[in-house]
Amino acid sequence: MKKVYLFTCVLLSLLLAGCTASGVRTDNGKAAPQVKNVIILIGDGMGVCQVYAGLTANKGSLNLERSHYVGFSKTYSANSYITDSAAGGTAIACGTKTNNGVIGMTPDSVPVKSILEYAAEQGLSTGVVVSCDVTHATPASFVAHQLRRSMSEEIAADYLKSDITVFIGGGRKNFEARSDKQDLTGQLKEKGYAVAYTLDEAKQVTSGKLAALLADGHPDAYPQRGELLPEGVQAAINILKQNDKGFFLMVEGSQIDWACHDNKGEEAIQEMLDFDRAIKVAFDYADQDPNTLVVITADHETGGMTLVGGDISAGETKIAFSTGGHTAVMVPVFAYGAGAEAFAGIYQNTDILPKALNAYGFER
Ligand code: MG
Ligand code: ZN
């Protein structure tokens, strides 16, 4: 009898421990690993066709295909059937539909907390790695709160107000050549940041805080900018993983959008494949640390891109575009690692934030 009692106690406490430690249960009832780290990768303008064009050009495979779960997100904004990257980024970052052009605020200009800010508040390390100016709409949505996406200098100042651990991208001029004559990189150094101006300098930094401003404005298109994105993601993870509580990282393949605005299929493929190499770095980290959730999505599709011909074995594509702007179509969401199953299905872009918070076990 005593033995049975003891056994029951042990079993119960094991079950309870499993519940509190994970909060998430898999289909077979086993406790899934608790999510400590979330990496969201956004391909700006990346619809299904951009993915499949990259896959075809790569002769039939992408790292992205390692994803366990796939969903679709509805991207319309508060005031437009077709979103821009500010409203699209704010929806993903803050879980709120807003008007096109608005950064991290509701349509009536109330600031909304982003996933990066939730993570920082909980003592996690946070980061942003992008292939554009760090003040551009997508990264700004995670760090800043401003009425208009064009307010680059105000957005740069918001980086100083945030508790962000690492940021890597372009936009040096918005920190150093400002109309208000403030020297924001000087202020970053005072706040304990290592400031890097080249990718090699950035890679030397493996702890503490890092501000890597690798171009005056936007970094060049791929391949001219080199391995900024995949190597920047690795550099950021090297720093962020030092925090035992975990981290949040947002990565953007920023220039898929621009190539598609220009209706340049070959350039869109180059940007897509660069983004896919950054995805590999995130997936490989999730393989090392099973408490990691990786989510890949887009803010919207750009160009109305389609494939009207091609040859997978030759890596050839025949691409057509229907617009020089964004389109209204749903965009894919791919998920990998701990808690990935929550991202299957069809839902709003604003559902990504609560899903991620739920994975962490944070209250909204
Ligand atoms: Mg963007
Ligand atoms: Zn665009």
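From a predicted model like this one, the values you see are computed outputs, not experimental measurements. Counting starts at 1 for both ligands and their atoms, in listed order.
- Note on the Zn ion (ligand 2): protein N, O or S atoms under 2.8 Å away count 4, no waters included.
- Shown here is E363, whose CD atom has no more than 12 heavy atoms of other residues, nucleotides or ligands within 6.0 Å.
- Annotation: the span from I319 atom CD1 to K264 atom NZ amounts to 13.5 Å, rounded to 0.5 Å.
- Applying the 6.0 Å contact sphere to CG of D163 captures no more than 12 heavy atoms from other residues, nucleotides or ligands.
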Just list the side-chain donor-acceptor pairs under 3.5 Å for residues 229-239, sequence neighbours left out, or say none.
residue, atom, partner, partner atom, Å
E231, OE1, K203, NZ, 2.6
Q234, NE2, N238, OD1, 3.0
N238, ND2, Q234, O, 3.4

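- The Mg ion (ligand 1) has D44 OD2, T138 OG1, E252 OE2 as protein N, O or S atoms under 2.8 Å away.
- The ring-ring contact (aromatic ring centres under 6.0 Å, His included) test applied to F321 returns no partner, not counting sequence neighbours.
- Of the N and O atoms on the side chains of S73 and N349, not one donor lies less than 3.5 Å from an acceptor on the other residue.
- Within the cation-pi definition used here (under 6.0 Å to the ring centroid, within 45° of the axis), R66 does not qualify as a partner of F334.
- A donor-acceptor contact closer than 3.5 angstrom is absent between the side chains of Q255 and S131.
- Side chain to side chain, K241 and Q288 fail the donor-acceptor criterion of an N or O pair below 3.5 Å.
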